[in-house]
Every structure is written in C-alpha cells, then in structure tokens.
Amino acid sequence: MSNRMTWGARSYLLFGFAFLYLPILCLMVFSFTGGEITTQFAGFSTRWYVELWNDDEIQSAVKLSLKIGIAAASAAVVLGTLSGLVLARFKRYAGSGFFAGMTTAPMVMPEVIVGLSLVLLFTNQTMNDLLPWLAGRGVTAIWAAHTTLCTAYVAVLVQSRLREMDRSLEDAAMDLGCHPFKVFFLITIPVIAPALVSGWLLSFTLSMDDFVLSSMLSDPGATTLPVLVFARLHHGLKPEINALATVIVVLVSIAVIVANRVMWRAQKRREQAIAAAMAASGQSH
C-alpha cells in the first residue's frame, strides 16, 4: 500500500514538473530554429541570438528592467526589513493592526487598483509642486510602484524569520555590554540573511516580471521588457523572443544555484561557530 502511495505521489510530482517545465524546455529548443516561426523547428541555427544581440530596443528594455529591478529590490529589502522588525519585535501599540494590514495590503490588492491609485498620485498637481522629481510617469514612478509591491513580500519573509529566531544570542550579546544597534548588525542581520537574500531575489523577480504597474506608469522613454514583449505580441513574435527567454532562464538558474550555495555555506559556518562557542563555554565551566 505504501509503495503504491509512493509511486502515486512520484507520478503526480513528475506530472507537475512536466506541466511546468516542458513548455520552457520547448521554448529553449525553438530558440535555436533557423526559421521565423516560434513553434516550428526549421534546422539548428543561432540566428536569433545574433538578432537579439543586435536589437537595440530589446537591449534598452532589458537594461531598464535590470536597473529598476535592482533598485526596487534593494529599497524593498531595507524597507521590508524595518517593517518586519516592527511587526515581529515591537509590542502592540495604537494603530499596530492598521500598520500590519497596510504593510501586507499590496500582496492581496489587485495590481490594477494599485496602479490606478499610483497614476492618480504621480500625475496630481500637488505632487508636481511638492516632489517634482517623483511627479509624472516614468522610471522613477515605476521604481516607486515596484518598491511598494515588493516591500510587502520582504516584510512577511523577515517577520517570519525573526519570529523563529532564537533571541538568546541577542540577549547574551547585550548582557555582555553590546549596544542594541551593534547587536542588530552583527547578530540579527547575519541570522536572518537567508530571508534577506530570498526577499531580494523574490523582489527582483517580481519587478522584472511585472507588467500591469509598468504599463500603467511607463512613458515613451521608459519601456520595460514585459511592456515591450507585450507590444511586439500584437505584431507577431519571432524566435528572437525565445532566445531572450532562454538567456533569462539560464542566467536566473545560475543565480539561484549560486545564491543557494552561498547561503548553505554561510549557514554551515554559523552552525560551526555556534557549536564551537558552546563547546568553549562548556569547557570554561
């Protein structure tokens, strides 16, 4: 019975993996076609990678998306860490429930509503007078929108990690005279580092992938990659887009593998350091 359940679970798992990853694999295969049809393989060729390399419009959109994604992810990690710290460590205060709700609201709010509200905010005359650098559509508006969205996800990750964290390390450091500000950077930040890295990667992916907010807040001089791909969809996609998707998949896969490896090594070093410290403490007693 257990063997049947095991094989059944494996079959469902393999079906799920196939459903998710076979289309991506097909896309990568068709990126090497020599023809102009995205779903027909007409001989092996790297033609579309050369076309991609020479396409200035796509390169400009990729650079802009990377620029916004890195800036939004970095800002979201800072703001999300502060929000998660407040939600996890501060005692209940007047308005704490409202703050918690507003922090996670962008996660459940339809992006159309968020985008419409931000369009009204950035195009308001009062905003033009108070913060002219943030007024109107464009790169800055897209960055602010992506930061707002991604901060909610980082706050949830950091809050969960802080609630699971053993606070005895922080208490011991403060008992030995370490300033709370120093404890936060030397103990708390390294312990929650996996959550910070995960939050940054998730935020970067959300920013690179976002279409609704980017399309509503973009102007002719600020076209991100998803907006450009959607615009070209109306004129018929070429295998050049398959080549672009293949490059992105490969780069993201490498980044995820490297990040996981780095976090795993950092976790092992922390565990070894804690074990060594406990051993030294036991010998001293």
Does anything in residues 13-27 pair up under salt bridge (charged side-chain N to carboxylate O under 4.0 Å, His left out), and if so which pairs, sequence neighbours excluded?
none

Trp264 reachable from Val262 in the ILVMFWY side-chain graph, under 4.5 Å edges
no

So, the side chain of Asp209 versus the backbone of Thr205: is there a donor-acceptor pair under 3.5 Å, distance only?
no

Considering all heavy atoms, the nearest Leu217-Ala141 contact:
CD1-O, 3.6 Å

Cluster question for you: counting only ILVMFWY and a side-chain heavy-atom cut-off of under 4.5 Å, with indirect links fine, are Ile254 and Val249 together?
yes

Under the ring pair (Phe, Tyr, Trp, His ring centres under 6.0 Å) rule, what pairs show up with a residue in residues 213-232, not counting sequence neighbours?
Phe211-Phe230, Phe230-His234

Gap separating the CG atom of Leu157 from the OG1 atom of Thr81, nearest 0.5 angstrom:
10.0 Å

Where is the tightest heavy-atom contact between Met216 and Gly115, given as atom of each residue plus distance?
CE-C, 3.7 Å

Quick one: do Val250 and Tyr21 end up in the same hydrophobic cluster if we chain Ile, Leu, Val, Met, Phe, Trp and Tyr together by side-chain heavy atoms under 4.5 Å apart?
yes

Phe204 and Trp200 aromatic ring geometry - parallel, tilted or perpendicular at 30°/60° bounds
parallel

Less than 6.0 Å separating the ring centroids of Tyr49 and Trp53?
no

For Asp210 against Ser214, the heavy-atom pair lying closest together
OD2-N, 3.1 Å

Is a donor on one side and an acceptor on the other found under 3.5 Å between the side chain of Ser31 and the backbone of Met28?
yes

Check whether any side-chain heavy atom of Ser65 sits under 4.5 Å from a side-chain heavy atom of Pro226, and report yes or no.
yes

With the side chain counted from C-beta on, respond yes when Gln159 and Thr103 share a heavy-atom pair under 4.5 Å apart, and no when they do not.
no

Taking atom CZ of Phe44 as the centre, does the number of heavy atoms from other residues, nucleotides or ligands within less than 6.0 Å exceed 12?
yes

Grab the two heavy atoms, one from Val77 and one from Gly199, that are nearest each other, plus how far apart they are.
CG2-C, 4.4 Å

Indicate yes or no: at least one non-hydrogen side-chain atom of Val154 is less than 4.5 angstrom from one of Leu79.
no

Nearest 0.5 Å, what's the CG-OG distance between Leu202 and Ser207?
11.0 Å

Do side-chain atoms of Ser60 reach the backbone of Glu57 as a donor and acceptor pair under 3.5 angstrom?
no

Going from CG on Asn242 to CG on Leu27, what distance comes out if it is rounded to the nearest 0.5 angstrom?
4.0 Å

Roughly how far apart are Ile68 CD1 and Met208 CE, rounded to 0.5 Å?
10.0 Å

In one Ile/Leu/Val/Met/Phe/Trp/Tyr side-chain cluster, 4.5 Å: Phe122, Ile113
yes

Measuring only between side-chain heavy atoms, which start at C-beta, is Leu244 closer than 4.5 Å to Val62?
yes

Are Ile241 and Ile58 side-chain neighbours, meaning at least one heavy-atom pair lies under 4.5 Å?
yes

Residue pair Gly34 / Arg47: nearest heavy atoms and the distance that separates them
O-NH1, 3.1 Å

Nearest 0.5 angstrom please: Ser253 OG to Leu251 CG, how far?
8.5 Å

If I take atom CG from residue Leu52 and atom OG1 from residue Thr246, how far apart are they, to the nearest 0.5 angstrom?
9.5 Å

Would Val78 and Ile189 show up in the same hydrophobic cluster when neighbours are defined by side-chain heavy atoms closer than 4.5 Å?
no

Looking only at side chains, do His146 and Ser203 share a donor and an acceptor under 3.5 Å apart?
no

Quick one, Leu206 and Tyr153 - any side-chain contact, counting heavy atoms below 4.5 Å?
yes

Check whether any side-chain heavy atom of Thr188 sits under 4.5 Å from a side-chain heavy atom of Leu162, and report yes or no.
yes

Least distance between heavy atoms, Ala222 atom then Ile142 atom:
O-CD1, 4.1 Å

